[in-house]
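Not measured: the values here are computed from a predicted model. So that the names make sense, note that chain A is the first sequence line, chain B the second, and so on, each numbered from 1.
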Protein chains: 2
Amino acid sequence: MQTLSKNQQIIFDLIDKSPEPMKAYAILFNVQKKGIKAPLQVYRALDKLVEIGKIHKIESRNAFIACQNSSCQVSKATAFSICEICEKVTEISSASLSKYLTNFKDKDGMKYSKYNLEFFGLCKKCR
Amino acid sequence: MQTLSKNQQIIFDLIDKSPEPMKAYAILFNVQKKGIKAPLQVYRALDKLVEIGKIHKIESRNAFIACQNSSCQVSKATAFSICEICEKVTEISSASLSKYLTNFKDKDGMKYSKYNLEFFGLCKKCR
DNA sequence: AATTTAAATGTTATAATATAACACTATGTA
DNA sequence: TACATAGTGTTATATTATAACATTTAAATT
Ligand SMILES: [Zn+2]
Ligand SMILES: [Zn+2]
Ligand SMILES: [Zn+2]
Ligand SMILES: [Zn+2]
């Protein structure tokens with residue numbers, strides 16, 4: 001449990017209470033009243049928060065979401081479900097999935113140190 | 001087997017013969033001598049090529065790679081290995097992996113219509 | 001406590017990635 | 001031919017992300 005710096009805490013709190021993934025410039029807009037004025041201040045905090053696993057980047061959306069999986073200390077194995085209509089994103093926490101992927105070896109016997117998986121479909125509400 | 005338009009064919013050929021994923025503006029630079037002058041011309045061709053599964057986007061790299069998997073007509077189930085040192089990208093073609101992921105259901109019983117998986121590690125050469 | 005080191009901050013400028021809007025052209029099909 | 005659909009060309013602009021540099025804060029080491 002790492003203690004966050006001022007900017008990191010402000011930005012984490014915002015993302016954490018957002019019901020949906022947030023984009024960097026939406027974050028910037030929201031924290032300007034707290035004195036964070038420049039994109040770089042946002043991106044630096046985001047980089048650190050991703051590094052320590054407090055948030056994850058949804059690559060297909062260029063957006064950031066708080067880790068919903070308390071056991072996910074380091075972001076080396078991430079999986080998300082994304083609704084293609086309402087854009088709701090949920091972090092998937094499935095022991096069997098993570099076991100399967102963590103142990104996955106390709107034809108060369110290459111073992112990977114990290115993965116990111118994004119599933120797309122329609123959420124309950126949108127079906 | 002869809003026939004490609006002029007711009008689509010030019011851009012596909014370039015990506016297909018590239019040993020590594022290509023970024024949109026690198027593509028633009030390379031096809032300017034063939035009369036494709038604007039980013040939008042590139043992005044439109046890329047969109048179509050992705051849609052029909054001739055190429056895939058490597059989301060974590062904002063780069064495009066030709067489909068290396070002849071059976072992958074429609075890009076609904078993609079998996080890649082990415083070397084974090086040399087940035088070599090390989091499309092993974094594993095029947096068991098695709099079976100596992102295609103049948104994966106989350107806790108809500110939600111079934112997905114599409115997924116993208118990116119593995120990170122070190123390739124043979126870089127270890 | 002003083003020194004040193006690493007991490008974080010503030011700021012300006014700019015690079016890289018991607019789309020909007022509109023006019024026009026080619027192609028297929030009824 | 002008339003109509004619909006897909007593709008093109010062009011200019012402008014939006015969005016996402018990093019470079020470079022000066023300064024400050026926090027943490028570790030002596
Ligand atoms: Zn997580
Ligand atoms: Zn939905
Ligand atoms: Zn493929
Ligand atoms: Zn490598």
Of the listed nucleotides ([options]), which one gets closest to any side-chain atom of [X]?
X: A:Gln41; options: C:dT11, D:dA17, D:dT10; result: C:dT11
X: A:Ser5; options: C:dT17, C:dA8, D:dC21; result: C:dA8
X: A:Leu40; options: C:dT11, C:dT9, D:dA17; result: C:dT11
X: A:Ala24; options: D:dA17, C:dA18, C:dG10; result: D:dA17
X: B:Lys48; options: D:dA17, D:dT8, D:dG7; result: D:dG7
X: A:Gln8; options: C:dA8, D:dA20, D:dG9; result: C:dA8

What is the distance, to the nearest angstrom, from the [atom1] atom on [X] to the [atom2] atom on [N]?
X: B:Tyr43; N: C:dA20; atom1: OH; atom2: C1'; answer: 14 Å
X: B:Phe29; N: C:dA15; atom1: CZ; atom2: P; answer: 16 Å
X: A:Leu28; N: C:dT11; atom1: CG; atom2: C1'; answer: 13 Å
X: B:Lys34; N: D:dT8; atom1: NZ; atom2: P; answer: 15 Å
X: B:Gln9; N: D:dG7; atom1: CD; atom2: C1'; answer: 15 Å
X: A:Arg44; N: D:dA20; atom1: CZ; atom2: C1'; answer: 11 Å
X: A:Lys6; N: D:dA26; atom1: NZ; atom2: P; answer: 10 Å
X: A:Leu46; N: C:dT9; atom1: CG; atom2: C1'; answer: 15 Å

Phosphate-side-chain proximity, [X] and [N], N/O vs OP1/OP2 below 4.0 Å:
X: A:Asn62; N: C:dT17; answer: no
X: A:Tyr25; N: D:dT15; answer: no
X: A:Lys23; N: C:dA18; answer: no

Does a side chain donor of either [X] or [Y] reach within less than 3.5 Å of an acceptor in the other side chain?
X: B:Ser96; Y: A:Tyr100; result: yes
X: B:Asn116; Y: B:Thr78; result: yes
X: B:Glu118; Y: B:Ser60; result: yes

Between atom CG of B:Leu46 and atom CD of B:Gln41, what is the distance when rounded to the nearest 0.5 Å? 12.0 Å
To the nearest 0.5 Å, tell me how far A:Ile82 CD1 sits from B:Lys114 NZ. 9.5 Å
Of A:Phe64 and B:Ala45, the one whose nearest nucleotide on DNA chain D sits closer to the 5' end is B:Ala45
Categorize A:Ile36 for me: base, sugar-phosphate, or nothing, with a 4.0 angstrom heavy-atom threshold over every strand shown. nothing
